[in-house]
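Heads up: the structure comes next, in structure tokens.
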2 protein chains.
Amino acid sequence: MTKRVYDFAEGNRYLADLLGGKGANLAEMTRMSLPVPPGFTITTEACREYLAAGTLPQSLIDEVAGHLRRMEAAMGRRLGDPDDPLLLSVRSGARFSMPGMMETVLDIGLTDATVAGLARHTGDERFAWDSYRRLIQMFGRTVCGVPADAFDEALTTEIALAGVPSETQLSPDHLRTLVETYKKIFLEYAGESFPQDPTEQVLRAIRAVFASWNTERAVIYRRQERIPADLGTAVNVQAMVFGNLGADSGTGVAFTRDPATGARGVYGDYLANAQGEDVVAGVRNTVPLQELAALHPDCFRQLTGIMAQLEHHYRDLCDIEFTIERGTLWMLQTRVGKRTAEAAFIIASQLVDEWTIDLNDALRRVSGTQLDHLMFPRFDLSGAPKPLATGVPASPGAATGRVVFTAEAVAAADGPAILVRRETNPDDLPGMIAAVGILTSRGGKTSHAAVVARGMGKTCVCGADAIDVDPAAGRFTVGGREVREGDTISIDGTTGRVYAGALPVLASPVVRYFEGELAPDAEPLVAAVHRILSHADAVRRLGVWANADTPEDAARARRFGAVGIGLCRTEHMFLGERRALVERLILAADDAAREAALAELLPLQRADFVGILQAMDGLPVTVRLLDPPLHEFLPALEDVTAAYARAEALGAVGQREAELLPAVRRMHEQNPMLGLRGVRLGLVVPGLYAMQVRALAEAAAERIRAGGHPRPEIMVPLVGTVQELEIARHEILDVLASVEGAPAIPVGTMIETPRAAVTAGEIAGAAQFFSFGTNDLTQMTWGFSRDDVEGSFFPRYLDLGVFEVSPFESLDGRGVGRLVRLAVEEGRAVRPGLKIGVCGEHGGDPRSVAFFHEAGLDYVSCSPYRVPVARLEAGRAAVAQPGRGSDTR
Amino acid sequence: MTKRVYDFAEGNRYLADLLGGKGANLAEMTRMSLPVPPGFTITTEACREYLAAGTLPQSLIDEVAGHLRRMEAAMGRRLGDPDDPLLLSVRSGARFSMPGMMETVLDIGLTDATVAGLARHTGDERFAWDSYRRLIQMFGRTVCGVPADAFDEALTTEIALAGVPSETQLSPDHLRTLVETYKKIFLEYAGESFPQDPTEQVLRAIRAVFASWNTERAVIYRRQERIPADLGTAVNVQAMVFGNLGADSGTGVAFTRDPATGARGVYGDYLANAQGEDVVAGVRNTVPLQELAALHPDCFRQLTGIMAQLEHHYRDLCDIEFTIERGTLWMLQTRVGKRTAEAAFIIASQLVDEWTIDLNDALRRVSGTQLDHLMFPRFDLSGAPKPLATGVPASPGAATGRVVFTAEAVAAADGPAILVRRETNPDDLPGMIAAVGILTSRGGKTSHAAVVARGMGKTCVCGADAIDVDPAAGRFTVGGREVREGDTISIDGTTGRVYAGALPVLASPVVRYFEGELAPDAEPLVAAVHRILSHADAVRRLGVWANADTPEDAARARRFGAVGIGLCRTEHMFLGERRALVERLILAADDAAREAALAELLPLQRADFVGILQAMDGLPVTVRLLDPPLHEFLPALEDVTAAYARAEALGAVGQREAELLPAVRRMHEQNPMLGLRGVRLGLVVPGLYAMQVRALAEAAAERIRAGGHPRPEIMVPLVGTVQELEIARHEILDVLASVEGAPAIPVGTMIETPRAAVTAGEIAGAAQFFSFGTNDLTQMTWGFSRDDVEGSFFPRYLDLGVFEVSPFESLDGRGVGRLVRLAVEEGRAVRPGLKIGVCGEHGGDPRSVAFFHEAGLDYVSCSPYRVPVARLEAGRAAVAQPGRGSDTR
């Protein structure tokens with residue numbers, strides 16, 4: 001029979017999948033002989049069985065009963081003993097922390113029969129009746145769905161009747177009366193009397209904790225935090241200890257070092273004569289943990305000893321919860337503590353200095369997402385400004401601007417604007433694009449505003465629900481204060497805080513270090529980043545290249561550590577002043593006109609390439625031949641149509657309108673993403689690719705003459721079948737052979753259509769390298785285009801759990817990733833050692849980098865600012881523990 | 001060592017891959033002891049080697065030399081023998097017939113030294129010199145690229161000098177002079193003297209034939225005929241026999257029965273005192289083969305005997321080429337003869353009657369393409385109208401209409417119009433859509449006009465190059481005759497013929513039979529179709545269903561043999577008068593307005609479903625929930641923008657303009673094919689799918705109450721991930737459970753995104769059936785949309801050989817097909833016996849049906865008119881010979 005229940009002494013910290021985080025750590029502390037109240041854990045597996053079947057199996061009930069009997073023996077108390085009853089807590093404990101999401105029932109075992117025994121045994125009648133009323137309240141709410149308000153109202157009434165200032169002043173008699181009232185409330189809402197059988201209380205609490213896995217708020221939280229929906233929670237049943245048995249009792253939380261900065265020392269809070277839930281509720285003020293040294297010197301000494309022991313044992317910052325019951329210290333929880341991004345790097349580096357962990361461990365302790373956050377500018381908070389409100393930190397960055405409420409007002413604003421809306425919808429898109437930041441009062445990380453802002457890399461705070469937005473009145477109010485359209489505010493997308501006025505902005509020291517403006521030892525954070533990133537570079541197998549289209553971007557990428565350009569897009573070189581030339585090329589009436597336009601473009605392209613080859617001298621520069629549909633260089637059909645209609649209505653159609661309309665109409669495509677673009681252009685527009693190839697080859701020859709070491713490569717976009725590549729390659733090689741003094745230039749292809757992936761073996765025969773274009777590959781594999789869907793149905797899909805994360809943000813391992821793996825395998829089978837990279841935006845996404853490492857790619861290429869993140873993640877992937885699931889979901 | 005040369009006696013007809021069609025059949029006739037001049041065949045493998053290496057390997061030269069010596073021994077003549085020289089022909093012979101595409105050199109072995117010996121031996125000096133001048137001419141043109149014009153001019157000059165009416169009147173002396181002139185021409189253009197070594201002549205001719213595989217016209221022909229480019233050609237070297245040695249000599253072609261109608265008898269043509277090339281050139285008039293009975297009774301008797309023997313041996317209609325040399329009959333070629341679609345069915349049925357073949361063979365002898373052609377209406381040619389011109393039959397059908405030259409004129413035409421252009425381009429698209437037929441004077445089967453017309457199923461004749469189109473003058477001229485805009489013409493897309501005036505049109509007797517208007521024994525063609533199609537039904541494993549959206553279409557599909565509706569699209573039910581209702585649904589300001597619109601749509605949808613369930617009573621009807629983007633039901637953005645701009649310019653913006661523009665702009669998508677459509681609509685628009693499901697369930701319940709046997713199924717479109725399907729399925733099952741009296745309705749999904757295919761194993765867990773939507777699957781796998789590319793770059797791609805056929809016409813087996821196979825395998829692994837069909841247009845494509853059979857699908861679903869074609873092809877797939885490559889390329 002499957003073992004479904006583990007005594008704390010039977011488990012350990014490596015069983016978190018089975019016992020949940022809390023249970024595994026309680027077991028670990030028990031094994032370390034720390035003072036943990038006895039108890040046991042019911043497994044996540046049992047939870048999954050319960051959720052599937054809807055009932056607790058009898059065998060589980062029997063197993064729980066056995067463990068309860070052993071606890072009774074260990075404690076020398078019995079459940080339901082009217083003289084000296086054993087009391088229990090029943091708490092959830094999932095694999096991943098879901099703070100406040102799940103359920104807890106304390107003081108189980110109290111009944112009409114045992115409450116007096118508790119009073120006698122503790123000598124504290126008030127405590128006993130207070131505990132009983134708390135049980136009825138928690139059990140009622142958690143197990144039977146009795147509304148919390150009903151109990152709260154009764155409590156308020158009782159306090160008023162008693163004429164005391166707060167519940168702590170209620171006498172035992174008042175509390176006894178309150179228990180009677182609570183029992184009536186329970187009967188009324190639950191349709192039954194409060195259960196007087198302690199075993200029934202335990203089993204029903206267990207069932208309620210299991211069921212709480214699927215409450216709406218838990219489901220939403222998991223989606224937002226990317227926690228798989230099918231894990232289930234464990235349940236911890238533990239003997240109660242009490243911090244509210246008088247002045248020699250209390251409860252507290254502590255960190256083994258400062259979680260905000262990583263500084264060593266004792267950090268935490270203590271609250272005398274209280275239970276843990278009182279700390280959480282913030283009913284009374286806590287004192288700094290240091291004061292415990294004066295209050296309970298013995299306990300303080302024991303506690304600091306245990307903290308040192310835990311940090312040494314876990315080899316990391318730990319946070320703990322403890323209770324002192326009449327002078328005896330009890331450990332109720334420990335775990336590796338959360339920390340800020342800054343502290344993560346500093347602590348990891350400190351622990352290496354202390355010989356507690358090695359550099360591989362340090363690398364595993366930080367993440368690309370943390371490094372990414374450290375690279376955004378921050379507000380200077382030295383003036384200790386008080387936030388107006390705090391919302392969900394939806395898209396990082398620090399933005400200051402004038403408050404506006406509509407897209408039109410953004411356009412009309414004098415200077416940078418922050419768009420403030422209750423929530424956004426597709427109509428707001430132009431405003432979102434033009435604004436420097438977005439603030440909403442509703443919605444979470446999957447709201448339209450959040451999804452679109454992240455997609456655009458724009459600072460965004462969502463769901464700041466203290467704010468009341470009134471666009472009609474041209475203002476929002478928060479905490480009685482009014483902020484009018486045109487007023488300046490500052491929003492911090494990394495912390496979710498909203499401030500009045502303009503806050504000074506500080507450049508990221510980490511970026512200043514990458515830019516060479518700060519020395520590696522300038523400050524502890526920079527030193528830690530330098531140390532850990534250097535180690536990542538030493539251990540990683542994946543190369544990190546960058547996507548850059550200009551010499552400036554290329555130079556930055558190089559400073560940030562890129563060793564090549566994986567994607568140099570040439571379409572940007574067709575914009576600006578050259579647009580007129582490109583328009584001539586497109587509208588050319590005959591070969592001569594087209595060739596003339598191409599001839600004028602050639603020297604301009606060549607100069608572009610000279611600049612970028614110079615910036616990357618000695619390193620590979622992968623140039624992608626023109627990819628977008630040509631009509632992108634013409635005005636939009638609806639604009640031309642409208643202009644024509646307007647001119648026609650006024651009887652004033654000019655030559656340009658008359659010429660442009662039919663041309664734009666002819667070139668118009670219903671689905672440009674699926675139209676005449678990529679290699680198709682190269683095969684259909686005579687001379688276009690030849691001009692680009694010639695410009696590149698001539699630029700390389702020029703660089704060689706100037707003593708440089710150019711390493712250009714040519715990449716053919718949007719290939720679907722090897723025939724396309726063979727024809728394009730043939731033309732490219734002909735042009736290359738005709739340019740004197742050009743170096744050897746490899747010709748490869750993008751793998752970005754599903755067909756290219758499934759025929760990669762054939763394509764490898766004609767390609768000297770592959771580069772996955774995962775943006776297009778994602779679009780075609782799923783059949784949706786980023787532009788069209790990210791702001792339309794993605795928020796709904798994230799809410800429904802169709803995705804756990806946008807497949808444009810993190811690579812979809814099961815679908816798109818399967819095609820990537822297949823193409824790598826079959827491409828290399830035909831051409832062993834084929835160089836393979838990725839140049840979609842996934843190349844800089846932390847989770848995706850791990851996937852590309854495992855799929856066997858040679859390099860990732862990403863935007864220059866993402867290069868350090870990719871370096872770090874590539875290092876992390878190289879030292880990943882076996883069995884760590886790094887496949888993106 | 002690989003054997004590269006086969007004596008005719010060593011080969012047989014099953015070696016066509018290696019020996020080419022001609023070589024294999026010459027070998028077969030040799031084995032049958034028929035009178036075949038001795039010779040040997042050089043394999044296609046040797047050709048491929050030559051094409052790869054660029055030279056003939058010495059070992060091949062040695063092998064040829066050995067075979068030549070054996071031929072000399074067999075014939076008792078030697079190459080280059082001045083007394084009695086052996087003369088040879090060197091002819092190409094590929095696996096698939098490429099008439100006129102490849103090269104031939106006759107009379108090899110003639111030199112200055114041997115020509116006199118030939119004259120002596122044959123006693124015909126004129127013949128000898130005429131043969132020599134033919135050799136120089138053919139060798140010069142074929143081997144050395146001497147322009148044909150040069151020789152033709154010299155011949156014309158000589159005829160003029162001689163003062164005779166034609167070349168046949170030239171005396172031996174004239175011919176001797178002509179030989180000298182030809183040799184000078186040869187020297188001038190080839191830069192060398194005409195080679196006097198017969199072995200050199202042979203080897204150079206062989207090389208030239210090999211090289212002719214890659215001439216431009218051969219390459220183009222292969223692309224058009226879908227012949228793989230890498231097969232190579234065999235070369236047949238054979239002793240010459242001469243039909244031009246006097247009145248007792250001659251040459252002819254014959255068929256073992258009438259290739260136009262299948263009627264039994266002797267059919268063919270004979271030309272006395274001539275070589276085969278004279279028949280082909282049509283220089284002189286042939287006589288019907290029957291007259292040979294009087295001219296050469298012995299030969300005629302022998303020939304008819306051989307014809308009977310061949311037909312019996314090949315068990316099919318054969319065509320043959322023969323030569324009579326001074327009273328001796330020689331067989332030069334035979335093959336299974338080409339025939340019309342009508343004859344194919346009739347002959348196959350006749351051969352069954354004659355116990356020559358069985359019904360499986362008969363089924364293999366006909367094709368879906370032939371049946372398809374038989375289903376188009378034909379012109380009544382009983383008046384024996386003379387065609388104005390003949391072009392390429394690019395898209396079948398018979399169309400009569402007024403001549404127009406521009407898209408605008410089509411719109412303005414009074415009645416049906418035929419668009420006549422030199423060639424078409426994307427600007428002509430509106431005209432092509434509105435016209436009943438398209439006629440061009442330039443371009444072949446891969447021209448824009450041909451590709452687009454086939455895609456639209458519109459009658460089209462291309463490249464009728466006798467026609468001179470002059471749109472500016474509003475007329476075209478052909479053979480001196482003028483046809484003006486507005487005149488009526490008739491074009492036959494099945495034969496490529498163009499007629500003046502309106503020809504009467506005859507309905508297809510085959511269609512009349514399917515419609516029940518003709519009995520199966522009404523006429524021989526119908527009887528043959530009935531017999532073979534019935535056999536196909538008996539042997540096929542694939543079911544044939546139909547795509548139908550109306551009761552009328554469903555009823556027709558049923559008459560044509562469909563046993564289910566595989567795709568009932570519901571979008572057509574949203575058009576017409578209901579568009580206003582749908583617009584209300586889309587523009588609904590709140591839930592109540594949307595629900596009101598849905599409530600009004602419900603009874604209309606229910607009535608639609610009642611009709612179709614009634615028409616298909618007892619058979620499955622697969623209803624696809626709404627798929628297209630909602631904005632397809634709104635006016636186009638550019639129209640609304642233009643209307644608004646016009647109204648604004650005139651200061652007259654009405655309420656509708658003001659309301660519609662922002663709504664249309666909000667719903668507008670850059671790439672609607674990749675936007676909010678399919679199941680995404682179902683998950684995002686509340687109540688939409690529920691309304692459709694309720695309408696279907698209520699319709700089924702109504703049918704049951706009326707005593708019917710409805711078998712509806714529900715299909716969810718455009719699923720990318722199992723989560724989408726699970727959520728939709730959940731909602732569907734809830735609605736179904738709420739409708740009283742509804743039958744059990746299976747819920748399945750389309751597999752039409754690449755991601756659905758690669759995650760089919762997961763999706764099968766939530767789907768009761770799969771249906772491949774190969775249109776979308778092709779679009780997304782390749783990354784192009786049919787609407788945008790078929791008229792833009794497909795013609796160029798077909799010309800370049802990127803495709804051999806549009807992947808929208810025949811399933812792309814290597815790319816899209818690989819995804820289909822993978823999904824079938826992994827879907828069935830999870831759900832054994834999973835029902836799988838296809839409902840894209842490929843379901844009715846002959847080549848694709850074979851693929852679907854092999855991939856293990858349960859049924860194909862196609863348009864009603866394609867149902868008989870699919871039935872036939874499904875039968876053919878079931879009786880396909882092992883090793884027959886039926887994978888689409």
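Letters go in sequence order (proteins before strands), and every chain restarts at 1. On a predicted model such as this, the values are computed, not experimentally measured, just so you know.
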Requested in this report: Measure the CE-CG distance between A:Met673 and B:Asp788 for me, rounded to the nearest 0.5 Å.
Outcome: 12.0 Å
Report task. Could you pull out the closest heavy-atom pair between B:Met780 and A:Pro754, with the gap in Å? Result -> O-CD, 3.3 Å
Report task. Check A:Val802 against B:Thr721 and note the closest heavy-atom contact, atom names and distance. Result -> CG1-CG2, 3.6 Å
Report summary line: Bottom line for B:Val685: the part with an atom under 4.5 Å from chain A's heavy atoms is neither
Report summary line: Whatever's closer than 4.5 Å to a heavy atom in chain A on B:Glu752 counts as neither
**Report entry** Closest-packed option against chain B by number of heavy-atom pairs under 4.5 Å, given A:Met667, A:Glu762, A:Gln779
**Finding:** A:Glu762
Query raised in the report: Are side-chain heavy atoms of A:Arg818 and B:Leu822 found at a separation under 4.5 Å?
Result: yes
Query raised in the report: Rounded to the nearest 0.5 Å, what separation is found between the CZ atom of B:Phe784 and the CZ atom of A:Arg755?
Result: 8.5 Å
Report task. Identify which of A:Ala756, A:Gly720, A:Ala649, A:Gly783 forms the greatest number of heavy-atom pairs closer than 4.5 Å to chain B. Result -> A:Gly783
Query - Gap between atom CG of B:Asn671 and atom CZ of A:Arg786 - 0.5 Å precision - result: 14.5 Å
**Report entry** Pick from B:Arg680, B:Glu648, B:Glu726, B:Arg665 with the largest number of heavy-atom pairs that fall under 4.5 Å of chain A
**Finding:** B:Arg680
Requested in this report: Look at B:Ala636, B:Ser792, B:Ser785 and state which one has the largest set of heavy-atom pairs under 4.5 Å with chain A.
Outcome: B:Ser785
Query raised in the report: Below 4.5 Å, heavy atoms only, C-beta onward: do A:Glu724 and B:Tyr797 meet side chain to side chain?
Result: yes
Query raised in the report: Taking every heavy-atom pair that is under 4.5 Å apart, which of A:Gln670, A:Gln723, A:Arg796 has the most such pairs with chain B?
Result: A:Gln670
Query raised in the report: Do you know which of A:Leu683, A:Leu637, A:Val722 has the most heavy-atom pairs under 4.5 Å to chain B?
Result: A:Leu683
Requested in this report: Compare every heavy atom of B:Ala645 with every heavy atom of A:Ala642, then report the nearest pair and how far apart it is.
Outcome: O-CB, 3.6 Å
**Report entry** Options A:Thr781, A:Thr753, A:Asp776, ranked by heavy-atom pairs under 4.5 Å with chain B, top entry
**Finding:** A:Thr781
Query raised in the report: Is it true that a side-chain atom of B:Arg814 and a backbone atom of A:Thr759 form a donor plus acceptor pair closer than 3.5 Å?
Result: no
Requested in this report: Starting at OG1 of A:Thr641, measure out to CG of B:Asp639 and round the result to the nearest 0.5 Å.
Outcome: 8.0 Å
Requested in this report: Report yes if the side chains of B:Leu819 and A:Val758 come closer than 4.5 Å at any heavy-atom pair, otherwise no.
Outcome: yes
Requested in this report: Tell me, out of A:Val789, A:Val684, A:Val719, A:Leu676, who's got the most heavy-atom pairs with chain B below 4.5 Å.
Outcome: A:Leu676
